Amino acid sequence: ELQSLGRKVMGYFGVIDERIDYDLLRKLADENSDAELVMVGPVVKVDPAELPQGPNIRWLGQRQYSELPSYVKGFDVCLMPFALNEATEYINPTKTLEYMAAGKPIVSTAVADVVHHFTPVVTVADNADDFVTATAVAIEAPDVAMIARGIEQARANSWESIVARMER
């Protein structure tokens with residue numbers, strides 16, 4: 001599905017709800033008109049008619065969990081475009097480790113747990129302009145060392161690794 005787009009892909013998978021910064025997505029798509037913004041996941045708690053639209057924005061809807069690795073394989077950069085609000089104040093997005101395991105560059109807004117646990121592997125942007133810039137850099141010049149570090153961090157935090165540590 002992503003191969004047919006023929007352009008760079010800025011991608012997100014997960015629930016699409018009040019935790020997403022829709023103004024940021026609109027700006028990201030507008031300022032990266034040579035790339036596709038692909039959002040994979042069910043839309044809940046928000047009106048689908050109010051989602052940003054544009055020639056390079058794709059709302060693909062919910063997919064089976066088992067299909068997500070195929071989608072992330074097609075992403076050039078993985079996004080965590082969370083709004084900084086009451087709904088995101090205490091989240092610890094599990095998708096961070098999933099994105100790391102996929103070996104892709106990741107750009108996130110400044111969600112507290114991401115800042116504290118996943119930088120510098122995840123590039124954290126403090127504002128929309130920085131997010132747009134960081135995404136463009138990640139697409140054009142992914143940091144191979146940080147990607148490798150992310151794969152190792154994901155490996156060290158797999159369920160098997162956590163269980164082994166707890167057993168010890």
Side-chain angles (χ1 to χ4, degrees), residues 2 5 7-48 50-61 68 71-151 153-154:
L2 300 182
L5 297 176
R7 302 196 305 179
K8 298 290 184 177
V9 175
M10 307 173 290
Y12 167 89
F13 66 68
V15 176
I16 298 166
D17 60 12
E18 78 280 2
R19 296 173 298 170
I20 301 295
D21 185 336
Y22 297 102
D23 291 333
L24 173 61
L25 293 181
R26 195 173 289 109
K27 181 177 181 66
L28 186 63
D30 288 347
E31 295 193 23
N32 288 283
S33 59
D34 59 334
E36 296 287 328
L37 173 58
V38 174
M39 302 292 288
V40 179
V43 176
V44 298
K45 300 182 188 176
V46 293
D47 181 356
E50 294 181 15
L51 297 175
Q53 301 298 317
N56 63 332
I57 301 175
R58 308 275 179 253
W59 299 97
L60 301 185
L68 297 181
Y71 281 92
V72 76
K73 182 178 180 182
F75 295 172
D76 292 288
V77 59
C78 295
L79 306 175
M80 297 199 314
F82 294 112
L84 300 178
N85 60 30
E86 192 173 297
T88 62
E89 188 173 358
Y90 299 108
I91 65 168
N92 183 339
T94 55
K95 77 176 72 299
T96 313
L97 290 169
E98 293 169 332
Y99 283 168
M100 285 179 175
K104 300 291 180 166
I106 307 162
V107 178
S108 179
T109 54
V111 173
D113 270 12
V114 174
V115 171
H116 293 116
H117 300 291
F118 299 112
T119 56
V121 172
V122 175
T123 301
V124 175
D126 291 322
N127 57 56
D129 289 333
D130 289 350
F131 195 98
V132 169
T133 300
T135 301
V137 168
I139 289 172
E140 296 306 319
D143 187 330
V144 177
M146 282 300 122
I147 291 170
R149 190 169 162 184
I151 291 170
Q153 189 170 354

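This is a predicted model, so every value here is computed, not measured.
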Considering non-hydrogen atoms only, spot the tightest contact between [X] and [Y] and give its length.
X: T109; Y: F131; answer: N-CE1, 3.7 Å
X: K95; Y: G14; answer: NZ-CA, 3.6 Å
X: S108; Y: V122; answer: CB-CG1, 3.7 Å
X: A138; Y: V77; answer: CB-CG2, 3.6 Å
X: P142; Y: I139; answer: CD-O, 3.9 Å

Interatomic distance, [X] atom [atom1] to [Y] atom [atom2] [nearest 0.5 angstrom]:
X: D113; Y: E89; atom1: CG; atom2: CD; value: 11.0 Å
X: L79; Y: M10; atom1: CG; atom2: CE; value: 7.0 Å
X: T135; Y: L24; atom1: OG1; atom2: CG; value: 7.5 Å
X: I151; Y: K104; atom1: CD1; atom2: NZ; value: 10.0 Å
X: I20; Y: M80; atom1: CD1; atom2: CE; value: 10.5 Å
X: L25; Y: I16; atom1: CG; atom2: CD1; value: 8.5 Å

Looking at side-chain heavy atoms only, is the closest gap between [X] and [Y] below 4.5 Å?
X: L28; Y: P81; result: no
X: M100; Y: V121; result: yes
X: R58; Y: L5; result: yes
X: E98; Y: C78; result: no
X: N32; Y: L37; result: no
X: F118; Y: N92; result: yes

If only atom types and distance count, is the side chain of [X] paired as donor or acceptor with the main-chain N or O of [Y] below 3.5 Å?
X: R26; Y: G54; result: no
X: W59; Y: Q53; result: no
X: N85; Y: T88; result: yes
X: N56; Y: A35; result: yes
X: E36; Y: L2; result: no

* **side chain to side chain contact (heavy atoms under 4.5 Å, CB included) assessment of V114 paired with I106** => CA-CA 11 Å; V114 174; I106 307 162; over 6 Å; no

* Asked: Which is it for V111 and L84 under the side chain to side chain contact (heavy atoms under 4.5 Å, CB included) test, yes or no, and what are the steps along the way?
  -> CA-CA 7 Å; V111 173; L84 300 178; 4.1 Å; yes

* Asked: Taking only residues two or more places apart in sequence or in another chain, which ones pass side-chain hydrogen bond (donor to acceptor under 3.5 Å, both in side chains) with E31?
  ->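 Listed in chain order: K27.
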
* Quick one: ring-ring contact (aromatic ring centres under 6.0 Å, His included) pairs with a partner in residues 74-94, sequence neighbours left out? -> none

* Classify the ring geometry between F13 and Y99 as parallel (under 30°), tilted (30 to 60°) or perpendicular (over 60°). => perpendicular

* Residues which pass side chain to side chain contact (heavy atoms under 4.5 Å, CB included) with V115, listed by chain and number, not counting sequence neighbours ->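 If we apply the side chain to side chain contact (heavy atoms under 4.5 Å, CB included) test to V115, skipping adjacent residues, the hits are A110, V124.
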
